[in-house]
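What follows is a set of notes on a single structure, which appears directly below.
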Amino acid sequence: MEKGPKLLGEERRQEILHILKSSGKPVKGGDLAKKANVSRQVIVGDITLLKAMNEPIIATSQGYLYMQPATEPVQYERTIACQHSPEDAELELQLLVDIGVTVKDVSIEHPVYGDLVASIMVSNRREVKQFIDRVKSTQAAFLSQLTDGIHLHTISAPSNKALDEAEEALDKAGFLIDRQS
């Protein structure tokens, strides 16, 4: 999908799938649009169609990500409950990724809308910085601001030991509300 003729319909969607599958990391919609010589809105529509065809694509703050089948190393997962101010969001994420944990998402229980979940998908300090910079540049609010700082994270790591260390680090920082296994 190099600069050139506009790719049409199914050919474009197949090329998007190829790029996402081979990337292994999020790809921005704008980058896909440039490669296909179409608008970003066309890419959004293509992603929606691909999701409707049960392609495991998720939208993250860094771009679209194809969720690879379970051929990757086993990851252990846990949900943790935290509370802190918006100013501590970056520190919280850094504490987690420094231990080797991936922060998959954040969720809150909203009194009107129920459970709200947003993908984060950060695994290192560079991704944390990009996420925080994007929140700041868009002047978006953290979901936790709707619940006095209370929120849940789904975290994953290659071992339960890393998850335990992550909880200990958050507890030491005063961010952990409750330990869950």
Side-chain angles (χ1 to χ4, degrees), residues 1-80 89-107 117-138 140 142-143 152-166 169:
M1 287 188 347
E2 290 305 315
K3 193 85 166 166
K6 183 187 298 188
L7 291 180
L8 302 176
E10 189 59 29
E11 179 187 7
R12 184 181 57 246
R13 286 185 284 282
Q14 289 306 311
E15 190 60 25
I16 290 169
L17 272 179
H18 172 74
I19 291 169
L20 293 176
K21 285 179 179 179
S22 61
S23 173
K25 62 181 183 177
V27 179
K28 294 183 184 215
D31 293 341
L32 291 170
K34 285 177 189 170
K35 290 178 181 178
N37 200 18
V38 295
S39 71
R40 188 183 179 296
Q41 193 57 39
V42 169
I43 297 298
V44 170
D46 285 341
I47 296 292
T48 300
L49 287 171
L50 290 168
K51 286 180 178 183
M53 296 183 328
N54 294 320
E55 291 293 347
I57 300 170
I58 63 167
T60 73
S61 60
Q62 289 89 31
Y64 295 109
L65 180 65
Y66 190 88
M67 298 302 292
Q68 299 296 333
T71 56
E72 297 176 10
V74 174
Q75 290 284 307
Y76 296 87
E77 196 170 277
R78 191 174 296 172
T79 301
I80 55 172
E90 185 170 12
L91 175 60
E92 174 200 47
L93 295 173
Q94 287 174 344
L95 287 170
L96 292 168
V97 300
D98 285 353
I99 292 168
V101 167
T102 295
V103 182
K104 296 176 79 173
D105 61 32
V106 59
S107 63
V117 181
S119 176
I120 295 181
M121 293 304 287
V122 295
S123 300
N124 58 53
R125 280 187 174 244
R126 182 180 56 81
E127 292 172 351
V128 168
K129 182 175 179 353
Q130 289 173 339
F131 174 75
I132 295 297
D133 287 349
R134 186 154 185 198
V135 170
K136 288 178 182 176
S137 71
T138 60
F142 292 102
L143 280 183
L152 301 174
H153 284 298
T154 305
I155 58 174
S156 67
S159 70
N160 273 318
K161 183 177 185 236
L163 295 176
D164 291 341
E165 289 175 21

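When each of I155, V101, L163, L152 is paired with I80, the side-chain contact (heavy atoms from CB on, under 4.5 Å) condition holds for I155 and for no other.
Here the shortest heavy-atom pairing between S119 and T60 reads OG-CG2, 3.6 Å. Residues I99 and A162 share a closest heavy-atom pair of CG2-O, 3.6 Å. The shortest non-hydrogen separation linking V135 to T138 is O-OG1, 3.3 Å. Nearest heavy atom pair, residue G29 against residue Y64, reads CA-CE1, 3.8 Å. The heavy-atom pair separating P158 from G100 by the smallest distance is CD-O, 3.9 Å. The shortest non-hydrogen separation linking A169 to L95 is O-CD1, 4.1 Å.
With rounding to the nearest 0.5 Å, the separation of CG in D105 from NE2 in H153 is 8.5 Å. Interatomic distance, CD of Q130 versus OG of S137, reported as 11.5 Å (0.5 Å rounding). Here NZ of K129 is found 12.0 Å from CZ of R125. Values are rounded to the nearest 0.5 Å. Between the CD1 atom of I43 and the OG1 atom of T48 there is a distance of 11.0 Å, given to the nearest 0.5 Å. Residue F142 holds its CZ atom at 9.5 Å from CD of E92, rounded to the nearest 0.5 Å. In this structure, D46 CG and I57 CD1 are separated by 9.5 Å, a value rounded to the nearest 0.5 Å.
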**Request:** For the pair E90 and V128, evaluate side chain to side chain contact (heavy atoms under 4.5 Å, CB included) and give the outcome as yes or no after the intermediate values.
**Result:** CA-CA 7 Å; E90 185 170 12; V128 168; 4.1 Å; yes
**Prompt:** Stepwise, does the side chain to side chain contact (heavy atoms under 4.5 Å, CB included) test hold for K104 with I120?
**Reply:** CA-CA 5 Å; K104 296 176 79 173; I120 295 181; over 6 Å; no
**Request:** Decide side chain to side chain contact (heavy atoms under 4.5 Å, CB included) for L65 and L20; before the verdict, give the C-alpha distance in whole Å, the side-chain angles of both, and the deciding distance to 0.1 Å.
**Result:** CA-CA 6 Å; L65 180 65; L20 293 176; over 6 Å; no
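Screening residues 17-32 for side chain to side chain donor-acceptor pair (under 3.5 Å) gives no qualifying pairs among residues at least two apart or on separate chains.
The pair R12-E15 does not count as a salt bridge, with every side-chain nitrogen at least 4.0 angstrom from each carboxylate oxygen. With respect to E165 and K161, a salt bridge is recorded, a charged nitrogen being found less than 4.0 Å from a carboxylate O.
Counting heavy atoms from C-beta outward, V106 and V117 have side chains that stay 4.5 Å or more apart. T154 has its side chain out of reach of R78: every pair of non-hydrogen atoms, C-beta onward, lies at least 4.5 Å apart. Within the 4.5 Å cutoff, the side chain of L32 has heavy atoms near those of the I19 side chain. With contacts defined as side-chain heavy-atom distances shorter than 4.5 Å, the pair V27/Q62 does not qualify. With contacts defined as side-chain heavy-atom distances shorter than 4.5 Å, the pair Y66/P56 qualifies. Taking the side chain as every heavy atom from C-beta outward, V97 and T102 never approach each other to under 4.5 Å. You'll find the side chain of F131 stays beyond 4.5 Å of the side chain of V103, heavy atoms only.
At distances below 3.5 Å, at least one donor-acceptor pair connects side-chain atoms of R134 with backbone N or O atoms of S61. In this structure a side-chain-to-backbone donor-acceptor pair under 3.5 Å is present from E127 to S123.
Within 6.0 Å of atom OH in Y76, 12 or fewer heavy atoms from other residues, nucleotides or ligands are found, so the atom counts as exposed in its surroundings.
By the salt bridge (charged side-chain N to carboxylate O under 4.0 Å, His left out) test, R40 is found to be paired with no residue, residues two or more places apart in sequence or in another chain being considered.
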